[in-house]
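Only one structure is covered here, and it is reproduced in the block below.
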Amino acid sequence: MSDAKDWPLWEVFVRAKGGLSHRHAGSVHAADAKMALEHARDTYTRRMEGVSLWVVPSAQITASDPADAGPLFEPAEDKIYRHPTFYSIPSHIKHI
Amino acid sequence: MYTTDLSGKNAKKPEAAAAEDPVLLATFEARVANDEFIEPKDWMPEAYRRTLVRQISQHAHSEIVGMLPEGNWITRAPNLRRKAILLAKVQDEGGHGLYLYSAAETLGASREEMIDALHSGKAKYSTIFNYPTLTWADIGAIGWLVDGAAIMNQVPLQRTSYGPYARAMVRICKEESFHQRQGYELMMAMMAGTPEQKRMGQDAMNRWWHPSLMMFGPPDDKSPNTEQSIRWRIKRETNDELRQKFVDVTVPQAEAIGLSVPDPNLKWNDARGHYDFGALDWEEFYAVVRGEGAVAKERMTARVKAWEDGAWVREAARAYAEKRAAAKVAAE
(Lines give C-alpha, C1' and ligand atoms only; values in the text may rest on other atoms or scores of the structure.)
Protein backbone atom coordinates (compact mmCIF):
# COMPACT_ATOMS: atom_id res chain seq x y z
CA MET A 1 0.00 0.00 0.00
CA SER A 2 2.96 2.32 0.49
CA ASP A 3 3.69 2.61 -3.23
CA ALA A 4 0.19 4.03 -3.84
CA LYS A 5 -0.07 7.80 -3.74
CA ASP A 6 -2.83 10.10 -2.62
CA TRP A 7 -5.15 11.23 -5.38
CA PRO A 8 -4.72 14.95 -6.15
CA LEU A 9 -6.36 17.47 -3.85
CA TRP A 10 -9.24 19.67 -5.04
CA GLU A 11 -10.75 22.72 -3.38
CA VAL A 12 -14.53 22.69 -3.19
CA PHE A 13 -16.77 25.73 -3.60
CA VAL A 14 -20.51 25.54 -2.97
CA ARG A 15 -23.26 27.91 -4.11
CA ALA A 16 -25.86 27.64 -1.35
CA LYS A 17 -28.66 29.01 -3.54
CA GLY A 18 -29.25 31.08 -6.62
CA GLY A 19 -28.17 34.68 -6.14
CA LEU A 20 -25.23 33.84 -3.87
CA SER A 21 -21.58 33.38 -4.81
CA HIS A 22 -19.82 30.07 -4.56
CA ARG A 23 -18.09 29.84 -1.21
CA HIS A 24 -15.13 27.73 -0.16
CA ALA A 25 -16.30 24.66 1.77
CA GLY A 26 -13.20 22.48 2.09
CA SER A 27 -11.31 20.01 -0.02
CA VAL A 28 -11.45 16.45 -1.34
CA HIS A 29 -9.06 14.01 -2.94
CA ALA A 30 -10.07 12.66 -6.35
CA ALA A 31 -8.44 11.12 -9.39
CA ASP A 32 -10.13 13.53 -11.81
CA ALA A 33 -12.56 16.45 -11.99
CA LYS A 34 -15.68 14.32 -12.40
CA MET A 35 -14.83 12.26 -9.34
CA ALA A 36 -13.96 15.42 -7.43
CA LEU A 37 -17.48 16.72 -8.09
CA GLU A 38 -18.99 13.46 -6.87
CA HIS A 39 -16.87 13.43 -3.73
CA ALA A 40 -17.66 17.09 -3.13
CA ARG A 41 -21.38 16.31 -3.35
CA ASP A 42 -21.12 13.43 -0.88
CA THR A 43 -18.85 15.28 1.50
CA TYR A 44 -20.21 18.83 1.53
CA THR A 45 -23.86 18.70 0.43
CA ARG A 46 -25.48 15.82 2.32
CA ARG A 47 -28.15 18.19 3.62
CA MET A 48 -28.97 20.22 0.53
CA GLU A 49 -26.34 22.82 1.33
CA GLY A 50 -25.87 23.61 -2.33
CA VAL A 51 -27.35 24.04 -5.79
CA SER A 52 -24.02 24.22 -7.60
CA LEU A 53 -20.44 23.04 -7.03
CA TRP A 54 -17.04 24.13 -8.28
CA VAL A 55 -13.94 22.01 -7.86
CA VAL A 56 -10.49 23.43 -8.56
CA PRO A 57 -7.17 21.56 -8.34
CA SER A 58 -5.60 22.91 -5.14
CA ALA A 59 -2.25 23.17 -6.88
CA GLN A 60 -3.78 25.68 -9.33
CA ILE A 61 -4.61 28.26 -6.70
CA THR A 62 -2.22 31.16 -6.35
CA ALA A 63 -2.50 32.73 -2.93
CA SER A 64 -1.06 35.89 -1.47
CA ASP A 65 1.45 35.43 1.33
CA PRO A 66 0.00 36.37 4.74
CA ALA A 67 3.46 37.57 5.79
CA ASP A 68 3.17 40.24 3.07
CA ALA A 69 -0.37 41.24 3.97
CA GLY A 70 0.83 44.52 5.49
CA PRO A 71 2.53 45.99 2.39
CA LEU A 72 0.07 44.27 0.03
CA PHE A 73 -2.99 45.98 1.46
CA GLU A 74 -1.28 49.12 2.70
CA PRO A 75 -2.19 51.25 -0.34
CA ALA A 76 -5.86 51.14 0.66
CA GLU A 77 -5.23 52.14 4.26
CA ASP A 78 -4.96 55.93 3.85
CA LYS A 79 -7.69 56.42 1.27
CA ILE A 80 -10.61 57.10 3.52
CA TYR A 81 -12.11 59.36 0.82
CA ARG A 82 -13.15 56.14 -0.91
CA HIS A 83 -15.90 55.75 1.70
CA PRO A 84 -19.14 57.73 1.53
CA THR A 85 -18.90 58.68 5.21
CA PHE A 86 -15.81 60.79 4.43
CA TYR A 87 -18.07 63.54 3.01
CA SER A 88 -20.16 65.70 5.32
CA ILE A 89 -23.38 66.84 3.77
CA PRO A 90 -25.88 69.09 5.64
CA SER A 91 -28.73 67.06 7.07
CA HIS A 92 -31.43 69.01 5.19
CA ILE A 93 -30.09 67.65 1.91
CA LYS A 94 -32.07 64.47 1.26
CA HIS A 95 -31.59 61.32 -0.79
CA ILE A 96 -27.82 61.44 -0.92
CA MET B 1 -17.47 11.63 17.03
CA TYR B 2 -14.51 12.85 18.92
CA THR B 3 -11.26 11.85 20.47
CA THR B 4 -9.50 13.53 23.25
CA ASP B 5 -5.76 14.07 23.24
CA LEU B 6 -4.52 10.60 24.04
CA SER B 7 -0.81 10.95 23.69
CA GLY B 8 -0.63 13.66 26.33
CA LYS B 9 1.42 11.45 28.61
CA ASN B 10 4.28 11.07 26.18
CA ALA B 11 4.05 14.41 24.45
CA LYS B 12 7.12 16.56 24.74
CA LYS B 13 6.91 19.91 26.37
CA PRO B 14 7.43 22.65 23.80
CA GLU B 15 11.09 23.36 24.50
CA ALA B 16 11.35 23.62 20.71
CA ALA B 17 9.74 27.02 21.14
CA ALA B 18 13.09 28.31 22.33
CA ALA B 19 14.48 27.75 18.86
CA GLU B 20 11.73 29.80 17.21
CA ASP B 21 12.18 33.42 16.20
CA PRO B 22 11.16 35.29 19.39
CA VAL B 23 9.53 38.16 17.50
CA LEU B 24 7.38 35.88 15.37
CA LEU B 25 6.54 33.81 18.42
CA ALA B 26 5.47 36.85 20.43
CA THR B 27 3.28 38.07 17.56
CA PHE B 28 1.73 34.65 17.26
CA GLU B 29 1.05 34.34 21.00
CA ALA B 30 -0.51 37.81 21.02
CA ARG B 31 -2.78 37.00 18.09
CA VAL B 32 -3.99 33.80 19.71
CA ALA B 33 -4.47 35.49 23.08
CA ASN B 34 -6.57 38.07 21.24
CA ASP B 35 -8.81 35.25 19.90
CA GLU B 36 -7.69 35.78 16.32
CA PHE B 37 -7.76 32.82 13.98
CA ILE B 38 -4.55 31.31 12.63
CA GLU B 39 -4.81 30.32 8.96
CA PRO B 40 -2.78 27.69 7.05
CA LYS B 41 -0.11 29.93 5.56
CA ASP B 42 0.36 32.04 8.69
CA TRP B 43 3.54 31.62 10.67
CA MET B 44 3.09 29.26 13.61
CA PRO B 45 5.44 27.59 16.11
CA GLU B 46 6.40 24.02 15.20
CA ALA B 47 4.98 22.70 18.47
CA TYR B 48 1.60 24.27 17.66
CA ARG B 49 1.62 22.69 14.22
CA ARG B 50 2.64 19.31 15.61
CA THR B 51 0.07 19.34 18.38
CA LEU B 52 -2.66 20.29 15.94
CA VAL B 53 -1.74 17.62 13.41
CA ARG B 54 -1.81 15.05 16.19
CA GLN B 55 -5.09 16.26 17.66
CA ILE B 56 -6.92 16.74 14.35
CA SER B 57 -5.74 13.48 12.82
CA GLN B 58 -6.62 11.56 15.99
CA HIS B 59 -10.01 13.14 15.79
CA ALA B 60 -10.33 12.18 12.10
CA HIS B 61 -9.26 8.59 12.84
CA SER B 62 -11.91 8.40 15.55
CA GLU B 63 -14.62 9.42 13.10
CA ILE B 64 -13.48 6.80 10.62
CA VAL B 65 -13.08 3.96 13.13
CA GLY B 66 -16.36 5.11 14.67
CA MET B 67 -18.18 3.89 11.58
CA LEU B 68 -17.35 0.28 12.49
CA PRO B 69 -19.31 -0.35 15.72
CA GLU B 70 -22.43 1.19 14.20
CA GLY B 71 -21.97 -0.25 10.73
CA ASN B 72 -22.15 -3.57 12.52
CA TRP B 73 -25.90 -2.99 13.03
CA ILE B 74 -27.02 -1.53 9.69
CA THR B 75 -28.18 -4.86 8.28
CA ARG B 76 -29.95 -5.72 11.53
CA ALA B 77 -31.81 -2.47 12.19
CA PRO B 78 -35.34 -3.36 13.33
CA ASN B 79 -37.14 -1.39 10.61
CA LEU B 80 -36.56 0.68 7.50
CA ARG B 81 -36.79 4.01 9.33
CA ARG B 82 -34.08 3.02 11.80
CA LYS B 83 -31.97 1.59 9.02
CA ALA B 84 -32.13 4.75 6.92
CA ILE B 85 -31.26 6.84 10.00
CA LEU B 86 -28.31 4.64 10.90
CA LEU B 87 -27.00 4.65 7.34
CA ALA B 88 -27.17 8.45 7.27
CA LYS B 89 -25.40 8.68 10.61
CA VAL B 90 -22.58 6.35 9.60
CA GLN B 91 -22.19 8.29 6.35
CA ASP B 92 -21.92 11.50 8.40
CA GLU B 93 -19.12 9.98 10.48
CA GLY B 94 -17.24 9.23 7.26
CA GLY B 95 -17.84 12.81 6.16
CA HIS B 96 -16.59 14.16 9.49
CA GLY B 97 -13.42 12.12 9.10
CA LEU B 98 -12.91 13.69 5.67
CA TYR B 99 -13.45 17.29 6.88
CA LEU B 100 -10.87 16.68 9.57
CA TYR B 101 -8.29 14.97 7.38
CA SER B 102 -8.58 17.96 5.03
CA ALA B 103 -8.03 20.35 7.94
CA ALA B 104 -4.93 18.42 9.03
CA GLU B 105 -3.65 18.43 5.45
CA THR B 106 -3.59 22.24 5.49
CA LEU B 107 -0.82 21.86 8.10
CA GLY B 108 1.34 19.82 5.76
CA ALA B 109 0.40 16.29 6.82
CA SER B 110 -0.46 14.03 3.89
CA ARG B 111 -3.56 11.86 3.88
CA GLU B 112 -1.48 8.80 3.20
CA GLU B 113 0.89 9.44 6.13
CA MET B 114 -2.04 9.87 8.47
CA ILE B 115 -3.75 6.69 7.33
CA ASP B 116 -0.47 4.77 7.57
CA ALA B 117 -0.01 6.07 11.11
CA LEU B 118 -3.47 4.80 12.05
CA HIS B 119 -2.96 1.39 10.48
CA SER B 120 0.49 0.88 11.95
CA GLY B 121 -0.84 1.70 15.42
CA LYS B 122 1.31 4.83 15.70
CA ALA B 123 -1.70 7.13 15.79
CA LYS B 124 -4.43 6.78 18.38
CA TYR B 125 -8.17 7.06 18.09
CA SER B 126 -10.88 7.38 20.68
CA THR B 127 -10.87 4.52 23.16
CA ILE B 128 -14.64 4.35 23.03
CA PHE B 129 -14.60 2.41 19.74
CA ASN B 130 -12.69 -0.46 21.23
CA TYR B 131 -15.83 -1.53 23.07
CA PRO B 132 -18.19 -3.92 21.25
CA THR B 133 -21.78 -3.14 20.21
CA LEU B 134 -23.59 -6.18 21.56
CA THR B 135 -27.27 -5.29 21.16
CA TRP B 136 -29.46 -2.88 19.23
CA ALA B 137 -29.79 -0.73 22.36
CA ASP B 138 -26.07 -0.01 22.07
CA ILE B 139 -26.85 2.00 18.94
CA GLY B 140 -29.11 4.21 21.04
CA ALA B 141 -26.51 4.50 23.81
CA ILE B 142 -23.80 5.46 21.32
CA GLY B 143 -25.87 8.18 19.69
CA TRP B 144 -27.10 9.61 22.96
CA LEU B 145 -24.06 9.20 25.22
CA VAL B 146 -21.04 8.90 22.96
CA ASP B 147 -22.15 11.54 20.48
CA GLY B 148 -23.50 13.58 23.38
CA ALA B 149 -20.05 13.55 24.99
CA ALA B 150 -18.55 14.35 21.61
CA ILE B 151 -20.78 17.41 21.23
CA MET B 152 -19.82 18.60 24.70
CA ASN B 153 -16.18 18.37 23.66
CA GLN B 154 -16.65 19.84 20.22
CA VAL B 155 -18.82 22.86 20.84
CA PRO B 156 -15.96 24.85 22.42
CA LEU B 157 -13.67 23.74 19.58
CA GLN B 158 -15.77 25.76 17.15
CA ARG B 159 -13.77 28.68 18.54
CA THR B 160 -10.44 26.92 18.44
CA SER B 161 -7.59 29.10 17.18
CA TYR B 162 -6.82 27.19 13.99
CA GLY B 163 -9.26 28.37 11.30
CA PRO B 164 -9.67 25.19 9.23
CA TYR B 165 -10.18 23.11 12.39
CA ALA B 166 -12.72 25.57 13.79
CA ARG B 167 -14.66 25.60 10.50
CA ALA B 168 -14.70 21.80 10.35
CA MET B 169 -16.02 21.76 13.92
CA VAL B 170 -18.85 24.15 13.09
CA ARG B 171 -20.05 21.82 10.37
CA ILE B 172 -19.59 18.73 12.51
CA CYS B 173 -21.45 20.13 15.51
CA LYS B 174 -24.42 20.99 13.34
CA GLU B 175 -24.58 17.40 12.13
CA GLU B 176 -23.86 15.71 15.49
CA SER B 177 -27.01 17.13 16.95
CA PHE B 178 -29.07 14.74 14.81
CA HIS B 179 -26.86 11.87 15.96
CA GLN B 180 -27.53 12.54 19.60
CA ARG B 181 -31.25 13.06 19.19
CA GLN B 182 -31.79 9.91 17.15
CA GLY B 183 -29.90 7.95 19.81
CA TYR B 184 -31.99 9.33 22.63
CA GLU B 185 -35.18 8.71 20.68
CA LEU B 186 -34.07 5.11 20.11
CA MET B 187 -33.46 4.74 23.87
CA MET B 188 -36.87 6.27 24.58
CA ALA B 189 -38.46 3.63 22.35
CA MET B 190 -36.57 0.85 24.12
CA MET B 191 -37.56 2.15 27.55
CA ALA B 192 -41.22 2.35 26.51
CA GLY B 193 -41.11 -1.24 25.24
CA THR B 194 -41.37 -4.76 26.66
CA PRO B 195 -39.57 -5.74 29.89
CA GLU B 196 -36.91 -7.37 27.75
CA GLN B 197 -36.38 -4.21 25.71
CA LYS B 198 -36.12 -2.19 28.90
CA ARG B 199 -33.54 -4.63 30.19
CA MET B 200 -31.56 -4.19 26.98
CA GLY B 201 -31.73 -0.42 27.32
CA GLN B 202 -30.48 -0.51 30.91
CA ASP B 203 -27.76 -3.00 30.01
CA ALA B 204 -26.48 -0.69 27.26
CA MET B 205 -26.55 2.22 29.73
CA ASN B 206 -24.54 0.16 32.23
CA ARG B 207 -21.86 -0.66 29.69
CA TRP B 208 -21.54 2.74 27.97
CA TRP B 209 -21.82 5.20 30.86
CA HIS B 210 -18.28 4.95 32.24
CA PRO B 211 -16.53 4.69 28.85
CA SER B 212 -18.47 7.80 27.78
CA LEU B 213 -17.22 9.74 30.81
CA MET B 214 -13.68 8.66 29.99
CA MET B 215 -14.02 10.16 26.51
CA PHE B 216 -13.18 13.51 28.06
CA GLY B 217 -9.69 12.24 28.77
CA PRO B 218 -7.61 11.87 31.92
CA PRO B 219 -8.28 14.08 34.97
CA ASP B 220 -6.81 17.57 34.72
CA ASP B 221 -3.92 16.84 37.09
CA LYS B 222 -2.85 13.99 34.78
CA SER B 223 -3.24 15.88 31.55
CA PRO B 224 0.08 17.69 31.10
CA ASN B 225 -0.77 19.29 27.75
CA THR B 226 -3.91 20.98 28.94
CA GLU B 227 -2.38 24.26 30.06
CA GLN B 228 -0.42 24.83 26.87
CA SER B 229 -3.36 23.75 24.70
CA ILE B 230 -5.70 26.12 26.49
CA ARG B 231 -3.24 28.99 26.08
CA TRP B 232 -3.09 28.24 22.36
CA ARG B 233 -6.88 27.93 22.15
CA ILE B 234 -6.51 24.41 20.77
CA LYS B 235 -8.55 23.34 23.71
CA ARG B 236 -10.97 25.68 25.41
CA GLU B 237 -12.16 23.88 28.52
CA THR B 238 -10.43 21.29 30.67
CA ASN B 239 -11.27 17.58 30.66
CA ASP B 240 -12.82 17.69 34.12
CA GLU B 241 -14.92 20.79 33.39
CA LEU B 242 -16.38 19.15 30.29
CA ARG B 243 -16.96 15.84 32.07
CA GLN B 244 -18.89 17.59 34.85
CA LYS B 245 -21.00 19.46 32.32
CA PHE B 246 -21.84 16.20 30.56
CA VAL B 247 -22.87 14.47 33.78
CA ASP B 248 -25.03 17.43 34.78
CA VAL B 249 -27.03 17.49 31.56
CA THR B 250 -27.20 13.74 30.96
CA VAL B 251 -28.39 12.43 34.34
CA PRO B 252 -31.83 14.10 34.11
CA GLN B 253 -32.17 12.78 30.52
CA ALA B 254 -31.58 9.23 31.81
CA GLU B 255 -34.01 9.62 34.68
CA ALA B 256 -36.70 11.02 32.39
CA ILE B 257 -36.95 7.73 30.51
CA GLY B 258 -36.49 5.40 33.47
CA LEU B 259 -32.83 4.56 33.06
CA SER B 260 -30.70 4.42 36.18
CA VAL B 261 -27.14 5.69 36.10
CA PRO B 262 -24.74 2.88 37.07
CA ASP B 263 -22.91 4.83 39.76
CA PRO B 264 -23.75 4.37 43.46
CA ASN B 265 -21.86 7.57 44.30
CA LEU B 266 -23.87 9.75 41.95
CA LYS B 267 -25.60 12.44 43.97
CA TRP B 268 -26.78 15.99 43.40
CA ASN B 269 -24.66 18.40 45.40
CA ASP B 270 -26.70 21.47 46.20
CA ALA B 271 -23.74 23.46 47.47
CA ARG B 272 -21.74 22.94 44.28
CA GLY B 273 -24.73 23.09 41.98
CA HIS B 274 -23.42 19.96 40.26
CA TYR B 275 -23.69 16.21 40.49
CA ASP B 276 -20.98 14.42 42.46
CA PHE B 277 -19.98 11.16 40.85
CA GLY B 278 -17.75 8.18 41.57
CA ALA B 279 -14.11 7.81 40.54
CA LEU B 280 -13.43 6.33 37.12
CA ASP B 281 -11.27 3.31 36.45
CA TRP B 282 -8.33 4.97 34.69
CA GLU B 283 -6.37 1.74 34.59
CA GLU B 284 -9.03 0.44 32.23
CA PHE B 285 -8.76 3.63 30.19
CA TYR B 286 -5.00 3.34 29.75
CA ALA B 287 -5.33 -0.35 28.93
CA VAL B 288 -7.76 0.55 26.15
CA VAL B 289 -5.43 3.31 24.95
CA ARG B 290 -2.67 0.70 24.77
CA GLY B 291 -4.91 -1.30 22.43
CA GLU B 292 -6.22 -3.80 24.96
CA GLY B 293 -9.87 -2.93 24.33
CA ALA B 294 -12.25 -5.81 23.74
CA VAL B 295 -12.34 -5.34 19.98
CA ALA B 296 -9.27 -3.17 19.28
CA LYS B 297 -7.68 -5.77 17.06
CA GLU B 298 -10.89 -6.42 15.18
CA ARG B 299 -11.31 -2.69 14.50
CA MET B 300 -7.85 -2.26 13.03
CA THR B 301 -8.08 -5.47 11.04
CA ALA B 302 -11.34 -4.23 9.50
CA ARG B 303 -9.82 -0.82 8.68
CA VAL B 304 -6.70 -2.24 7.11
CA LYS B 305 -8.70 -4.79 5.13
CA ALA B 306 -11.03 -2.10 3.76
CA TRP B 307 -8.01 0.02 2.80
CA GLU B 308 -6.16 -2.81 1.13
CA ASP B 309 -9.21 -4.26 -0.60
CA GLY B 310 -9.84 -0.79 -2.04
CA ALA B 311 -6.28 -0.31 -3.29
CA TRP B 312 -7.02 -1.60 -6.79
CA VAL B 313 -9.88 0.90 -7.13
CA ARG B 314 -7.65 3.82 -6.12
CA GLU B 315 -4.94 2.68 -8.51
CA ALA B 316 -7.33 2.03 -11.41
CA ALA B 317 -8.98 5.43 -11.02
CA ARG B 318 -5.59 7.11 -11.02
CA ALA B 319 -4.44 5.15 -14.09
CA TYR B 320 -7.67 6.00 -15.91
CA ALA B 321 -7.34 9.70 -15.07
CA GLU B 322 -3.73 9.70 -16.30
CA LYS B 323 -4.68 7.93 -19.52
CA ARG B 324 -7.48 10.39 -20.22
CA ALA B 325 -5.26 13.36 -19.45
CA ALA B 326 -2.62 12.01 -21.85
CA ALA B 327 -5.22 11.46 -24.58
CA LYS B 328 -6.45 15.01 -24.12
CA VAL B 329 -2.94 16.44 -24.46
CA ALA B 330 -2.39 14.33 -27.61
CA ALA B 331 -5.61 15.64 -29.15
CA GLU B 332 -4.70 19.28 -28.60
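Within every chain, numbering begins at 1; the chains are lettered A, B, ... in the order of the sequence lines, protein sequences first and strands thereafter. None of these values were measured; they are calculated from a predicted model.
When atom types are taken as modelled, the side chain of A:Asp6 and the backbone of B:Glu112 share a donor-acceptor pair closer than 3.5 angstrom. Within the 3.5 Å criterion, the main-chain N or O of A:Pro8 finds no donor-acceptor partner in the side chain of B:Arg318. B:Ser102 places a side-chain N or O within 3.5 Å of a backbone atom of A:Ser27 that can act as its donor or acceptor partner. Side-chain atoms of B:Tyr101 do not come within 3.5 Å of backbone N or O of A:Val28 as any donor-acceptor pair.
Put simply, of B:Glu322, B:Glu39, B:Gln91, B:Arg324, the one with the most heavy-atom pairs under 4.5 Å next to chain A is B:Gln91.
Note on A:Asp65 versus B:Lys41: no salt bridge recorded, every NZ/NE/NH1/NH2 to OD/OE distance being 4.0 Å or above.
Environment of CD1 in A:Ile96: sparse, with no more than 12 heavy atoms of neighbouring residues, nucleotides or ligands closer than 6.0 Å. Heavy atoms from other residues, nucleotides or ligands lying under 6.0 Å from NZ of A:Lys79 number more than 12.
Heavy atoms closer than 4.5 Å to chain B are found nowhere in A:Ala33, neither backbone nor side chain. For chain A, no part of B:Arg167 is nearby; none of its heavy atoms comes within less than 4.5 Å. With a 4.5 Å cut-off on non-hydrogen atoms, A:Ala25 touches chain B through its backbone and its side chain both. Residue B:Val170: no heavy atom, backbone or side chain, is found under 4.5 Å from chain A.
Minimum heavy-atom separation, A:Pro66 to B:Asp42: CB-OD1, 3.1 Å. Minimum interatomic distance between B:Ala321 and A:Ala31 (heavy atoms only, all atoms of both residues): CB-O, 3.3 Å. Scanning both residues, A:Arg46 and B:Tyr99, for their nearest heavy atoms gives NH2-OH, 3.2 Å.
Taking NZ from B:Lys174 and CD from A:Glu49, the interatomic distance works out to 7.0 Å, rounded to the nearest 0.5 Å.
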Q) Hey, mind stepping through A:Arg47 and B:Phe178 against side-chain contact (heavy atoms from CB on, under 4.5 Å) and telling me if it holds? A) CA-CA 12 Å; A:Arg47 288 174 175 76; B:Phe178 132 60; 3.1 Å; yes
(Q) If you apply the rule side-chain contact (heavy atoms from CB on, under 4.5 Å), what do you find for B:Arg111 with A:Trp7, and how did you get there? (A) CA-CA 9 Å; B:Arg111 180 77 58 97; A:Trp7 284 332; over 6 Å; no
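Taking A:Arg23 as the reference, nothing meets the side-chain hydrogen bond (donor to acceptor under 3.5 Å, both in side chains) condition, with sequence neighbours excluded.
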